[in-house]
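Taking it in order: structure first as C-alpha coordinates, then the write-up.
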Amino acid sequence: MILRSTDLHIALPAFNEAKVLRSVLTDLRSHGFENIIVVNDGSGDKTGQLAEEMGADVITHIRNRGAGAASQTSISFAREKGINYLLLMDADGQHHSEDAHNLYQEILKGEYDIIIGNRFILEKNEIPRIRIFFNSLANRLTNLFCKNNYSDSQSGFRILNRKAIETLDLKVDGYGFCSEMIIVGEKSGLRIGEVPIKVEYTEYSLGKGQSFANGVN
(Lines give C-alpha, C1' and ligand atoms only; values in the text may rest on other atoms or scores of the structure.)
Protein backbone atom coordinates (compact mmCIF):
# COMPACT_ATOMS: atom_id res chain seq x y z
CA MET A 1 0.00 0.00 0.00
CA ILE A 2 1.27 3.46 -0.90
CA LEU A 3 0.58 5.88 1.91
CA ARG A 4 0.98 9.62 1.52
CA SER A 5 0.59 11.87 4.51
CA THR A 6 1.77 15.36 5.34
CA ASP A 7 1.55 14.38 9.04
CA LEU A 8 4.43 11.90 8.89
CA HIS A 9 8.09 12.82 8.54
CA ILE A 10 10.91 10.30 8.43
CA ALA A 11 14.26 11.29 9.95
CA LEU A 12 17.53 9.53 9.22
CA PRO A 13 20.53 10.30 11.43
CA ALA A 14 23.44 9.80 9.03
CA PHE A 15 27.21 9.67 9.50
CA ASN A 16 29.22 8.83 6.37
CA GLU A 17 26.34 7.01 4.68
CA ALA A 18 26.91 8.21 1.09
CA LYS A 19 27.57 4.62 -0.04
CA VAL A 20 23.99 3.49 0.67
CA LEU A 21 21.98 6.66 1.23
CA ARG A 22 20.79 7.02 -2.36
CA SER A 23 19.24 3.56 -2.36
CA VAL A 24 17.67 4.12 1.08
CA LEU A 25 16.08 7.42 -0.02
CA THR A 26 14.99 5.97 -3.35
CA ASP A 27 13.27 3.08 -1.57
CA LEU A 28 11.48 5.45 0.82
CA ARG A 29 10.26 7.54 -2.13
CA SER A 30 9.01 4.42 -3.90
CA HIS A 31 6.86 3.64 -0.85
CA GLY A 32 5.24 7.07 -0.96
CA PHE A 33 7.24 8.84 1.74
CA GLU A 34 7.91 12.40 0.64
CA ASN A 35 8.78 14.16 3.91
CA ILE A 36 12.31 13.01 4.68
CA ILE A 37 14.83 14.64 7.01
CA VAL A 38 18.52 13.70 6.92
CA VAL A 39 20.63 14.82 9.86
CA ASN A 40 24.14 14.91 8.43
CA ASP A 41 26.09 14.23 11.61
CA GLY A 42 29.48 15.68 10.72
CA SER A 43 30.05 13.33 7.78
CA GLY A 44 33.36 13.45 5.95
CA ASP A 45 31.90 12.10 2.72
CA LYS A 46 29.13 13.39 0.43
CA THR A 47 26.22 12.37 2.68
CA GLY A 48 24.84 15.90 2.97
CA GLN A 49 25.28 16.74 -0.71
CA LEU A 50 23.62 13.52 -1.82
CA ALA A 51 20.68 14.03 0.55
CA GLU A 52 20.10 17.51 -0.84
CA GLU A 53 20.25 16.22 -4.40
CA MET A 54 17.61 13.63 -3.46
CA GLY A 55 15.30 16.36 -2.16
CA ALA A 56 15.53 15.65 1.56
CA ASP A 57 15.54 18.35 4.22
CA VAL A 58 19.13 18.38 5.45
CA ILE A 59 20.30 19.48 8.89
CA THR A 60 24.07 19.45 9.35
CA HIS A 61 26.14 19.05 12.50
CA ILE A 62 29.53 20.68 11.98
CA ARG A 63 31.17 17.79 13.86
CA ASN A 64 30.15 14.22 14.51
CA ARG A 65 28.13 14.15 17.73
CA GLY A 66 26.51 10.73 17.66
CA ALA A 67 23.23 9.03 16.86
CA GLY A 68 21.56 10.34 19.99
CA ALA A 69 22.40 13.95 19.24
CA ALA A 70 21.25 13.53 15.64
CA SER A 71 17.97 12.00 16.82
CA GLN A 72 17.39 14.84 19.29
CA THR A 73 18.06 17.33 16.48
CA SER A 74 15.34 15.56 14.48
CA ILE A 75 12.94 15.76 17.41
CA SER A 76 13.70 19.45 17.97
CA PHE A 77 13.10 20.12 14.27
CA ALA A 78 9.77 18.29 14.42
CA ARG A 79 8.78 20.23 17.53
CA GLU A 80 9.54 23.59 15.91
CA LYS A 81 7.81 22.71 12.62
CA GLY A 82 4.65 21.36 14.24
CA ILE A 83 5.14 17.86 12.82
CA ASN A 84 2.59 15.39 14.20
CA TYR A 85 4.43 12.10 13.63
CA LEU A 86 8.17 11.54 13.42
CA LEU A 87 9.70 8.20 12.47
CA LEU A 88 13.38 7.63 13.25
CA MET A 89 15.11 5.19 10.93
CA ASP A 90 18.72 4.04 10.50
CA ALA A 91 20.37 5.24 7.30
CA ASP A 92 22.50 2.13 6.70
CA GLY A 93 19.88 0.16 4.80
CA GLN A 94 19.05 -2.45 7.44
CA HIS A 95 15.43 -1.32 7.83
CA HIS A 96 12.55 -1.91 5.40
CA SER A 97 10.49 1.04 4.18
CA GLU A 98 7.24 -0.93 4.24
CA ASP A 99 7.59 -1.32 8.00
CA ALA A 100 7.27 2.45 8.30
CA HIS A 101 3.69 2.04 7.11
CA ASN A 102 3.05 -0.51 9.83
CA LEU A 103 4.38 1.71 12.61
CA TYR A 104 2.47 4.69 11.27
CA GLN A 105 -0.81 2.79 11.07
CA GLU A 106 -0.26 1.45 14.58
CA ILE A 107 0.40 4.83 16.17
CA LEU A 108 -2.66 6.30 14.45
CA LYS A 109 -4.76 4.00 16.65
CA GLY A 110 -3.89 6.27 19.58
CA GLU A 111 -2.86 3.55 22.03
CA TYR A 112 0.81 4.58 22.18
CA ASP A 113 2.92 7.73 22.06
CA ILE A 114 6.10 5.89 21.04
CA ILE A 115 6.24 2.66 19.08
CA ILE A 116 9.50 0.73 18.73
CA GLY A 117 10.18 -1.59 15.82
CA ASN A 118 11.07 -4.94 17.37
CA ARG A 119 13.57 -7.02 15.38
CA PHE A 120 13.31 -10.15 17.52
CA ILE A 121 9.63 -11.08 17.17
CA LEU A 122 9.91 -12.32 13.59
CA GLU A 123 11.77 -15.63 13.52
CA LYS A 124 12.80 -15.18 9.89
CA ASN A 125 15.06 -12.25 10.76
CA GLU A 126 18.64 -13.46 10.59
CA ILE A 127 20.37 -11.59 13.39
CA PRO A 128 24.03 -12.23 14.28
CA ARG A 129 24.47 -13.98 17.63
CA ILE A 130 26.66 -11.20 19.02
CA ARG A 131 23.88 -8.70 18.29
CA ILE A 132 21.34 -10.95 20.02
CA PHE A 133 23.59 -11.28 23.05
CA PHE A 134 24.31 -7.56 23.24
CA ASN A 135 20.65 -6.61 22.87
CA SER A 136 19.63 -9.13 25.52
CA LEU A 137 22.08 -7.56 27.94
CA ALA A 138 21.02 -4.04 27.03
CA ASN A 139 17.36 -4.97 27.45
CA ARG A 140 17.97 -6.32 30.94
CA LEU A 141 19.85 -3.20 31.99
CA THR A 142 17.27 -0.88 30.46
CA ASN A 143 14.33 -2.74 31.98
CA LEU A 144 15.83 -2.30 35.46
CA PHE A 145 14.78 1.34 35.19
CA CYS A 146 11.40 0.75 33.57
CA LYS A 147 7.94 -0.27 34.71
CA ASN A 148 7.40 -2.38 31.62
CA ASN A 149 9.69 -4.91 29.94
CA TYR A 150 10.97 -4.24 26.43
CA SER A 151 12.50 -6.90 24.22
CA ASP A 152 14.20 -4.57 21.71
CA SER A 153 15.21 -1.47 23.63
CA GLN A 154 18.09 -0.75 21.24
CA SER A 155 16.13 -0.57 18.00
CA GLY A 156 16.76 2.66 16.08
CA PHE A 157 13.49 2.23 14.19
CA ARG A 158 10.75 4.00 16.17
CA ILE A 159 7.89 6.45 15.70
CA LEU A 160 6.79 9.32 17.93
CA ASN A 161 3.48 11.15 18.05
CA ARG A 162 3.10 14.86 18.78
CA LYS A 163 2.91 14.32 22.54
CA ALA A 164 6.22 12.47 22.52
CA ILE A 165 7.80 15.07 20.24
CA GLU A 166 6.80 17.83 22.64
CA THR A 167 7.81 15.91 25.76
CA LEU A 168 11.14 14.22 25.06
CA ASP A 169 14.32 16.08 25.97
CA LEU A 170 17.21 13.68 25.49
CA LYS A 171 20.76 14.32 26.72
CA VAL A 172 22.75 11.28 25.57
CA ASP A 173 24.67 11.94 22.35
CA GLY A 174 25.59 8.34 21.59
CA TYR A 175 23.62 5.14 21.07
CA GLY A 176 22.53 5.15 24.70
CA PHE A 177 19.70 7.43 23.59
CA CYS A 178 17.69 4.32 22.67
CA SER A 179 17.47 3.32 26.33
CA GLU A 180 17.24 6.94 27.48
CA MET A 181 14.18 7.59 25.32
CA ILE A 182 12.34 4.66 26.90
CA ILE A 183 13.31 5.54 30.47
CA VAL A 184 12.59 9.27 30.08
CA GLY A 185 9.43 8.50 28.15
CA GLU A 186 8.03 6.29 30.90
CA LYS A 187 8.90 8.81 33.59
CA SER A 188 7.08 11.45 31.54
CA GLY A 189 3.95 9.32 31.30
CA LEU A 190 4.34 8.39 27.64
CA ARG A 191 2.83 5.10 26.49
CA ILE A 192 5.40 2.91 24.72
CA GLY A 193 4.71 -0.17 22.60
CA GLU A 194 6.56 -2.52 20.27
CA VAL A 195 5.60 -4.03 16.90
CA PRO A 196 7.54 -6.53 14.78
CA ILE A 197 9.74 -5.32 11.93
CA LYS A 198 11.99 -6.97 9.38
CA VAL A 199 15.70 -6.29 9.42
CA GLU A 200 18.48 -7.08 6.97
CA TYR A 201 22.08 -7.16 8.09
CA THR A 202 24.71 -6.71 5.42
CA GLU A 203 28.47 -6.55 5.65
CA TYR A 204 28.10 -2.78 5.41
CA SER A 205 25.47 -2.39 8.14
CA LEU A 206 27.34 -4.75 10.45
CA GLY A 207 30.30 -2.39 10.21
CA LYS A 208 28.16 0.45 11.51
CA GLY A 209 26.71 0.98 14.97
CA GLN A 210 28.32 0.79 18.36
CA SER A 211 30.96 -1.56 19.63
CA PHE A 212 30.24 -4.03 22.40
CA ALA A 213 32.40 -2.06 24.87
CA ASN A 214 30.55 1.18 24.11
CA GLY A 215 27.25 -0.63 24.49
CA VAL A 216 28.18 -1.85 27.97
CA ASN A 217 29.33 1.65 28.95
Side-chain angles (χ1 to χ4, degrees), residues 2 4 8-78 80-81 83 85-101 103-104 117 119 125-128 130-131 134-135 154-160 170 172-178 181 197-215:
I2 300 299
R4 301 182 187 277
L8 176 65
H9 284 64
I10 296 180
L12 293 86
F15 175 61
N16 291 337
E17 300 285 11
K19 184 175 181 179
V20 297
L21 188 58
R22 184 180 298 277
S23 63
V24 171
L25 295 178
T26 298
D27 189 55
L28 283 170
R29 299 288 192 202
S30 71
H31 283 81
F33 297 110
E34 299 179 354
N35 303 313
I36 302 174
I37 306 160
V38 173
V39 180
N40 177 23
D41 189 29
S43 299
D45 62 5
K46 295 184 178 181
T47 292
Q49 177 183 334
L50 192 153
E52 289 180 353
E53 292 174 355
M54 295 289 291
D57 290 320
V58 181
I59 306 171
T60 299
H61 291 169
I62 296 176
R63 61 180 179 84
N64 177 239
R65 295 178 55 198
S71 296
Q72 182 57 43
T73 293
S74 303
I75 295 171
S76 297
F77 178 85
E80 294 170 3
K81 298 297 183 181
I83 293 169
Y85 298 98
L86 178 71
L87 187 140
L88 298 170
M89 177 178 177
D90 290 350
D92 60 9
Q94 68 174 279
H95 295 143
H96 291 249
S97 297
E98 56 265 31
D99 283 326
H101 292 298
L103 266 68
Y104 182 52
R119 297 163 289 177
N125 283 335
E126 296 183 2
I127 303 175
I130 187 63
R131 294 291 178 105
F134 165 71
N135 277 277
Q154 304 308 295
S155 173
F157 196 80
R158 47 186 69 191
I159 190 169
L160 288 61
L170 307 180
V172 176
D173 281 356
Y175 284 96
F177 87 96
C178 290
M181 182 183 292
I197 61 169
K198 293 175 288 186
V199 66
E200 182 177 352
Y201 287 101
T202 63
E203 183 177 348
Y204 176 82
S205 66
L206 287 171
K208 308 290 288 188
Q210 62 182 326
S211 67
F212 179 77
N214 285 339

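Here the CD1 atom belonging to I36 is positioned 4.5 Å from the CG atom belonging to L28, to the nearest 0.5 angstrom. Between L25 atom CG and E53 atom CD the span is 11.0 Å, to the nearest 0.5 Å. Taking CG from L170 and OG1 from T73, the interatomic distance works out to 10.5 Å, rounded to the nearest 0.5 Å. Between I159 atom CD1 and M89 atom CE the span is 12.0 Å, to the nearest 0.5 Å. Taken from CG in L87 to CG in L103, the straight-line distance is 6.0 Å, to the nearest 0.5 Å. Between the CZ atom of F157 and the CG atom of D99 there is a distance of 5.5 Å, given to the nearest 0.5 Å.
Taking all atoms of both residues into account, the shortest heavy-atom contact from A91 to L21 is CB-CD1, 4.4 Å. A pairwise comparison of heavy atoms in E98 and H31 identifies OE1-NE2, 3.5 Å as the closest pair. Nearest approach of H96 to Q94, heavy atoms of both residues: CD2-O, 3.9 Å. Nearest approach of F15 to G42, heavy atoms of both residues: CE1-O, 3.6 Å. Here the closest heavy-atom approach between residue P13 and residue A70 is recorded as CB-CB, 3.5 Å. Taking both residues in full, the closest heavy atoms of A18 and L50 are given as O-CD1, 3.7 Å, listed atom of the first, atom of the second, then distance.
S43 places no side-chain N or O within 3.5 Å of a backbone atom of D45 that could act as its donor or acceptor partner. Judged by distance alone, with hydrogens and angles left aside, the side-chain atoms of D41 form no donor-acceptor pair with the main-chain N or O of N64 at under 3.5 Å. T26 places no side-chain N or O within donor-acceptor distance of the main-chain N or O of S23, the cut-off being under 3.5 Å. No donor-acceptor distance shorter than 3.5 angstrom exists from the side chain of H101 to the backbone of S97, with no hydrogens or angles considered. The closest donor-acceptor contact from the side chain of D90 to the backbone of D92 lies at 3.5 Å or more, if one exists at all. D57 contributes no side-chain N or O that, together with a main-chain N or O of I37, makes up a donor-acceptor pair within less than 3.5 Å. No side-chain donor-acceptor contact under 3.5 Å links R158 to the backbone of M181.
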Begin from the C-alpha positions of H9 and K81 and carry the test side-chain contact (heavy atoms from CB on, under 4.5 Å) through to its verdict. CA-CA 11 Å; H9 284 64; K81 298 297 183 181; over 6 Å; no
Just do the side-chain contact (heavy atoms from CB on, under 4.5 Å) check on N135 and R119 with the steps written out, would you? CA-CA 10 Å; N135 277 277; R119 297 163 289 177; 2.9 Å; yes
Please evaluate residues E52 and K46 with respect to the criterion side-chain contact (heavy atoms from CB on, under 4.5 Å), reporting the C-alpha separation (whole Å), side-chain torsions for both, the decisive distance (0.1 Å), and the verdict. CA-CA 10 Å; E52 289 180 353; K46 295 184 178 181; over 6 Å; no
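Remark: the N40 side chain and the T47 side chain contain no N/O donor-acceptor pair separated by less than 3.5 Å.
Counting only heavy atoms from C-beta outward, the side chains of F77 and L86 never approach each other to under 4.5 Å.
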